[in-house]
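Worksheet for the structure shown next.
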Amino acid sequence: MPLTVVVAEDSPLMRDGLVGVLTRFGHQVLAAVADADTLITAVRDHRPDIVVTDVRMPPDNTDDGLRAAVALRQERPTLPVLVLSQYIEQSYATHLLDLGSDTGIGYLLKDRVSAVSEFVDAVAQVAAGATVVDPEVVRQLLNRRHDPLQRLTPREREVLALMAEGRTNNEIARELYVTEAAVNKHVSNILQKLELHLDGEGHRRVLAVLTYLRA
């Protein structure tokens with residue numbers, strides 16, 4: 001379904017590109033801004049379905065976009081936010097996942113925008129409440145993992161990495177060329193080994209992803 005979007009990106013070329021892609025796929029860009037302060041104002045004024053924002057932007061050109069996202073989520077905890085970053089930065093990814101809600105969060109590298117269908121799919125998933133993390137971020141962070149993930153088998157790590165990308169069990173099965181029943185078993189083992197015993201598998205899947213990224 002068409003979404004209403006507020007875009008924040010200080011590079012005019014990148015900003016126009018984001019607007020063009022989103023518009024081409026039928027979404028309505030309510031505002032396209034270049035700094036964090038204007039982002040906050042635009043979201044308050046327009047109340048979009050989702051925010052797509054760069055991490056680094058004026059006024060300080062540090063993590064202003066991320067801090068604006070945090071402020072907006074504090075005001076509206078269910079606001080879906082997709083953050084774009086030029087580089088892989090674990091602290092940004094984990095900070096983003098600490099915004100006070102387990103749903104509607106995404107962290108993608110800017111290079112992913114050039115893979116138009118993947119970018120648009122990520123926007124839709126985050127707007128629908130999913131947690132989506134760039135596959136390259138997941139792959140690089142995987143090499144730094146220690147406990148509690150040492151308890152997982154190599155196959156279980158593969159499954160968890162795909163979970164962190166927002167894949168469903170059916171999609172994971174197709175990616176790994178196994179049955180969905182096998183994936184269900186791997187997911188169950190992952191949740192048990194990470195000692196995630198809260199009610200509701202959907203919530204536990206998100207906690208598993210958070211454990212993966214924070215370990």
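Position 1 is the first residue of the sequence, and the numbers go up from there. This structure is a prediction, so every number in the text was calculated from the model and none was measured.
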query = With sequence neighbours left out, what residues match Asn61 under side-chain hydrogen bond (donor to acceptor under 3.5 Å, both in side chains)?
reply = none
message = Suppose we screen for side-chain contact (heavy atoms from CB on, under 4.5 Å). Which residues come up paired with Ser117, at least two apart in sequence or across chains?
response = none
query = What residues, two or more places apart in sequence or in another chain, satisfy side-chain hydrogen bond (donor to acceptor under 3.5 Å, both in side chains) together with Thr23?
reply = none
key: Residues in salt bridge (Lys or Arg N to Asp or Glu O under 4.0 Å) contact with Glu171, at least two apart in sequence or another chain   = none
ask   = What pairs of residues pass the side chain to side chain donor-acceptor pair (under 3.5 Å) test when at least one of them lies in residues 33-48, not counting sequence neighbours?
value = Asp35-Thr38, Arg44-Glu75
ask   = Below 4.5 Å, heavy atoms only, C-beta onward: do Val81 and Leu72 meet side chain to side chain?
value = no
note = For residues 15-32, the salt bridge (charged side-chain N to carboxylate O under 4.0 Å, His left out) pairs (sequence neighbours left out) are none
note = Sorted by chain and number, sequence neighbours left out, side-chain hydrogen bond (donor to acceptor under 3.5 Å, both in side chains) with Asp10 holds for none
Partner set under side-chain contact (heavy atoms from CB on, under 4.5 Å) for Asp64, not counting sequence neighbours = Ala36, Met57, Pro59, Asp60, Thr62, Arg67
key: Pairing residues for Glu180 by the salt bridge (Lys or Arg N to Asp or Glu O under 4.0 Å) criterion, not counting sequence neighbours   = none
note = Closest heavy-atom pair, Leu39 versus Ala68, reported as atoms and distance to 0.1 Å, is CD2-CB, 3.8 Å
request  = Go through the structure and list residues passing side-chain contact (heavy atoms from CB on, under 4.5 Å) with His27, not counting sequence neighbours.
outcome  = Leu3, Val5, Leu22, Phe25, Val120
task = Check side-chain hydrogen bond (donor to acceptor under 3.5 Å, both in side chains) between Arg76 and all other residues, then give those that pass, not counting sequence neighbours.
result = none
query = Mind checking what makes side-chain contact (heavy atoms from CB on, under 4.5 Å) contact with Glu156, not counting sequence neighbours?
reply = Leu152, Thr153, His186, Asn189, Ile190, Lys193
inquiry  = Run the side chain to side chain contact (heavy atoms under 4.5 Å, CB included) test on Leu162 and Val183 for me, step by step, so that the C-alpha distance in whole Å, both residues' side-chain angles and the decisive distance to 0.1 Å come before the verdict.
reply    = CA-CA 11 Å; Leu162 292 169; Val183 174; over 6 Å; no
